[in-house]
Amino acid sequence: MNHSVSGINPQLLLGFFFIFLLVAYITAVIITNQRYKKWPIFRTVCWTIGMVVALVAVVGPLANSAHSNFTAHMVSHLLLSMVAPIFMAVAKPVTLTLRTANTTFARKLTSILKSRLLQFVSHPITAAILNVGGLWLLYTTNLFVLMHENALFALFVHLHFFIAGYVFTISIIYFDPVYHQYSYRFRAAVLIIAIAGHDILSKYMYANPPAGISQQEAEMGSMVMYYAGDWIEVALIIIFCWQWYKFTKPRKNNTVDFDRDQATLYGK
């Protein structure tokens with residue numbers, strides 16, 4: 001992704017975007033620590049790791065190589081849309097924002113989180129279609145060639161990778177307050193289907209290389225997508241099962257984790 005067309009440099013713009021997210025999160029931690037109890041360092045570390053992983057995917061040697069090497073492209077995809085979102089979800093950015101913002105902004109943000117539009121976008125099925133369906137659309141059409149010829153489209157694709165991956169992740173594992181919750185059984189079914197769709201795509205590309213990619217490159221990239229993707233999906237499954245276990249585990253009171261998160265939102 002070292003091309004620059006019409007004054008657009010995707011690496012530069014994406015780099016600034018993720019650095020901004022990192023600085024914004026750390027600034028919010030400093031502000032909230034002055035008002036409430038200390039924000040867990042563990043979550044700040046998770047956010048930092050997520051941003052570093054995303055930066056490695058879109059800026060520097062890997063991003064440059066991804067423009068001409070399909071295996072590098074696939075590694076970048078896995079880092080940007082699968083690894084970084086998991087760390088970001090654990091960091092609870094929405095909870096941190098609600099703790100840091102003033103009452104007026106917090107109420108507006110809460111209204112947005114409760115809106116029907118966000119309910120539709122964050123629905124597990126919608127998120128899975130945007131995430132996995134977007135991959136099928138990119139790798140089985142000429143959009144993959146367009147991505148390497150048009151810097152603006154390349155920027156859009158990378159942002160889509162990142163946002164769709166994050167939305168899908170937080171639609172499956174709940175760390176932040178979720179105003180439109182779905183049962184564990186339902187989310188488990190969507191997760192299984194999404195993983196199947198991801199794995200089937202990797203096998204399809206193994207035999208049917210994307211436009212402009214040689215058979216040898218497609219085989220190597222597909223294996224990276226399949227095997228490395230499996231390990232990342234295992235991490236997501238472990239977190240999901242851990243949350244499910246905690247939800248069903250008998251406790252002295254029946255307050256669910258979500259409610260406990262809300263109760264401790266402001267450090268009380």
Side-chain angles (χ1 to χ4, degrees), residues 1 10 13-14 17-18 21 50-51 53-54 57-58 66 73-91 93-94 109 112-147 150 152-184 186-205 210 222 225-226 228-230 232-233 235-237 239-240:
M1 199 171 57
L13 293 176
L14 290 169
F17 174 67
F18 288 114
L21 291 181
M51 291 301 101
V53 168
V58 299
H73 166 83
M74 197 52 64
V75 173
S76 175
H77 150 63
L78 294 176
L79 293 177
L80 185 62
S81 65
M82 297 182 73
V83 177
I86 292 177
F87 282 102
M88 292 173 62
V90 176
V94 175
L109 178 59
I112 294 173
L113 294 173
K114 291 180 178 178
S115 67
R116 290 187 177 182
L117 176 61
L118 206 63
Q119 179 183 12
F120 172 74
V121 174
S122 63
H123 189 287
I125 292 179
T126 307
I129 292 174
L130 291 174
N131 189 27
V132 182
L135 295 176
W136 273 91
L137 188 63
L138 178 67
Y139 295 124
T140 60
T141 67
N142 288 328
L143 290 178
F144 186 70
V145 175
L146 178 62
M147 172 185 164
N150 187 296
L152 183 60
F153 187 67
L155 177 64
F156 169 79
V157 169
H158 282 80
L159 286 176
H160 176 80
F161 271 173
F162 169 70
I163 296 173
Y166 177 70
V167 172
F168 175 71
T169 301
I170 61 173
S171 75
I172 298 298
I173 53 176
Y174 294 163
F175 283 95
D176 273 317
V178 179
Y179 298 99
H180 309 287
Q181 297 191 52
Y182 298 91
S183 71
Y184 281 95
F186 178 75
R187 282 182 280 152
V190 174
L191 179 58
I192 291 171
I193 295 172
I195 290 174
H198 193 265
D199 288 350
I200 291 172
L201 176 59
S202 65
K203 292 183 177 180
Y204 178 85
M205 289 195 300
S222 299
M225 180 179 180
Y226 185 85
D230 272 359
I232 301 169
E233 287 158 355
L236 186 62
I237 292 171
I239 294 173
F240 177 77

- Message: Within a 6.0 Å radius of atom CG on Asn142, are there more than 12 heavy atoms belonging to other residues, nucleotides or ligands?
- Response: no
- Task: Compute the centroid of each ring, for Tyr184 and then for Phe240, and state whether the two points are separated by less than 6.0 Å.
- Result: yes
- To the nearest 0.5 angstrom, please state how far the CD1 atom of Ile237 sits from the CD1 atom of Ile173. 11.5 Å
- Query: So which heavy atom on Phe162 is nearest to which on Pro85, and how close?
  - Reply: O-CG, 4.4 Å
- Message: Can you give me the closest heavy-atom contact between Val157 and Met147, atom names plus distance?
- Response: CG1-SD, 3.7 Å
- Which pairs with one or both residues in residues 119-138 pass side-chain hydrogen bond (donor to acceptor under 3.5 Å, both in side chains), sequence neighbours excluded? none
- Query: Between Phe186 and Tyr182, what is the ring plane arrangement, given parallel below 30°, perpendicular above 60°, and tilted in between?
  - Reply: tilted
- List the steps and the verdict of side-chain contact (heavy atoms from CB on, under 4.5 Å) for Leu201 and Met225. CA-CA 9 Å; Leu201 176 59; Met225 180 179 180; 3.7 Å; yes
- Partner set under side chain to side chain contact (heavy atoms under 4.5 Å, CB included) for Leu143, not counting sequence neighbours: Leu137, Leu138, Thr141, Leu146, Phe153
- Between Phe17 and His158, ring centroids under 6.0 Å: no
- With Ser81 via side chain to side chain donor-acceptor pair (under 3.5 Å) - residues at least two apart: His77
- Determine the minimum heavy-atom distance between Tyr174 and Arg187, stating which atoms define it. CE1-CZ, 3.3 Å
- Note on the structure: Sorted by chain and residue number, the ring pair (Phe, Tyr, Trp, His ring centres under 6.0 Å) partners of Phe87 (sequence neighbours excluded) come out as none
- Rounded to the nearest 0.5 Å, the OH atom of Tyr226 sits from the CE atom of Met205 at a distance of 13.0 Å
- Message: Which residues pass the side chain to side chain contact (heavy atoms under 4.5 Å, CB included) test with Ile193, not counting sequence neighbours?
- Response: none
- Query: Looking at CG of Asp176 and CG of Leu113, how far apart are the two atoms once the value is rounded to the nearest 0.5 Å?
  - Reply: 8.5 Å
- Message: Determine whether Leu130 and Phe168 satisfy the following criterion, side-chain contact (heavy atoms from CB on, under 4.5 Å), listing intermediate values before the conclusion.
- Response: CA-CA 8 Å; Leu130 291 174; Phe168 175 71; over 6 Å; no
- Query: Is the backbone N or O of Lys114 less than 3.5 Å from a side-chain atom of His180, with the two atoms forming a donor-acceptor pair by type?
  - Reply: yes
- Query: Quick one: CD1 on Ile172 to CD1 on Ile86, what's the gap to the nearest 0.5 Å?
  - Reply: 11.5 Å
- Task: Would you name the heavy atoms of Val190 and Ala128 that are closest together and state the gap between them?
- Result: CG1-CB, 4.0 Å
- Measure across Ala66 and Ser76 and return the closest heavy-atom pair with its distance rounded to 0.1 Å. CB-CB, 4.5 Å
- Would you name the heavy atoms of Met82 and Gly229 that are closest together and state the gap between them? CE-O, 3.8 Å
- Run the side-chain contact (heavy atoms from CB on, under 4.5 Å) check on Ile170 and Phe175 step by step: do they pass? CA-CA 8 Å; Ile170 61 173; Phe175 283 95; over 6 Å; no
- Query: Are any non-hydrogen side-chain atoms of Tyr166 and Pro93 less than 4.5 angstrom apart?
  - Reply: yes
- Message: Under a 3.5 Å distance rule, please check whether Ser222 uses its side chain to pair with a backbone N or O of Ser202 as donor and acceptor.
- Response: yes
- Once you round to the nearest 0.5 Å, how far does CD1 of Ile239 lie from OG1 of Thr169? 9.0 Å
- Message: Taking side chain to side chain contact (heavy atoms under 4.5 Å, CB included) as the definition, give me every residue that meets it alongside Val75, ordered by chain and number, with sequence neighbours left out.
- Response: Leu62, Leu79, Val224
- Item | Rounded distance [0.5 Å steps], CD1 in Ile192 versus CD in Glu233 | 11.5 Å
- For the residue pair Tyr139 and Phe161, does the interplanar ring angle fall in the parallel (under 30°), tilted (30 to 60°) or perpendicular (over 60°) class? tilted
- Atom CZ of Phe120: over 12 foreign heavy atoms under 6.0 Å: no
